> 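Below: one structure in structure tokens.
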Amino acid sequence: MLWEYGIDAGSENLRLVKRGTPQIVRESTYTAIREGRGTPFAWGDRALMMLGRAPKGVSIVKSVNQGVVDRANLFAKWARIILDEDEAILKKSTILVSVGGAMRKDAAEEMQKRMLDEGISGVGLVSSILCSALGAGEKVMDAEAVCVLDVGAEQMQAAVISGGRI
């Protein structure tokens, strides 16, 4: 399957790209939530601007920590808001999300389920280290091994990839 859009869920930023074009969206992974209700009301850079200055009764949280989406419901809602900017994106069934290597399989499946619940169709998941190699133009399916180092905001990953395997 050829993926048309990609979402990179980093610890500090979420990036949305369309195949063949430069980055479309780059926003912080912070969310502002009203305490007691658990209702998110600000996302991304808007929520980040409130960090340290939030009014009483408002918590500023990250949906991604140390490369792991640990608040799948917030991440899915946030992704939906970004994707609502372009209704054509939601109609496509080719959205690929990269996730950190530390993310457990059940947590990744939960995130995928939450995104589908938000109406984002055709969500696929791939390791972020593999995405880094592809983004650098490496031929990850070749038999010759490639060493990749991905330095993120909260974690660093190193991998040897050969024949599509990490």
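Being a predicted model, the structure only gives us computed values, none of them experimental. Both backbone and side-chain heavy atoms feed into the values below; hydrogens, waters and symmetry mates do not.
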> Please find the pair of heavy atoms, one from A42 and one from A47, that lie closest to each other, and give the distance.
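Here A42 and A47 meet closest at O-CB, 3.6 Å.
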> L74 and S63: which non-hydrogen atoms are nearest, and at how many Å?
CB-CB, 4.2 Å
> Would you say the side-chain atoms of N13 pair up with the backbone N or O of R26, donor to acceptor, closer than 3.5 Å?
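No.
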> So, using salt bridge (Lys or Arg N to Asp or Glu O under 4.0 Å) as the criterion, who are the partners of K139 when residues are at least two apart?
none
> Just verifying a value: how many Å separate I161 CD1 and I166 CD1, rounded to the nearest 0.5 Å?
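Those atoms lie 5.0 Å apart.
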> List, by chain and then residue number, the residues other than L51 in its hydrophobic cluster (Ile/Leu/Val/Met/Phe/Trp/Tyr, side-chain heavy atoms under 4.5 Å); write none if there are no others.
Y30, F41, L48, M50, V58, I60
> Return the set of residues passing side chain to side chain donor-acceptor pair (under 3.5 Å) with D142 (not counting sequence neighbours), or none when no residue passes.
none
> What distance separates L116 CG from M111 CE, expressed to the nearest 0.5 Å?
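One finds 10.0 Å between CG of L116 and CE of M111.
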> Within this structure, what is the CZ-CD distance for the pair R114 and E109, rounded to the nearest 0.5 Å?
14.0 Å
> Not counting sequence neighbours, which residues clear side chain to side chain donor-acceptor pair (under 3.5 Å) with S59? List them please.
E35
> Going by the rule salt bridge (Lys or Arg N to Asp or Glu O under 4.0 Å), which residues pair with D117 if we only count those two or more places apart in sequence or in a different chain?
K113
> Between R53 and M49, is there a donor-acceptor pair closer than 3.5 Å when you use the side chain of the first and the backbone of the second?
yes
> Would you compute the distance between atom CD of E110 and atom NZ of K105 and round it to the nearest 0.5 angstrom?
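The distance works out to 14.5 Å.
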> If the condition is side-chain contact (heavy atoms from CB on, under 4.5 Å), which residues does A145 pass it with, not counting sequence neighbours?
V160, S162
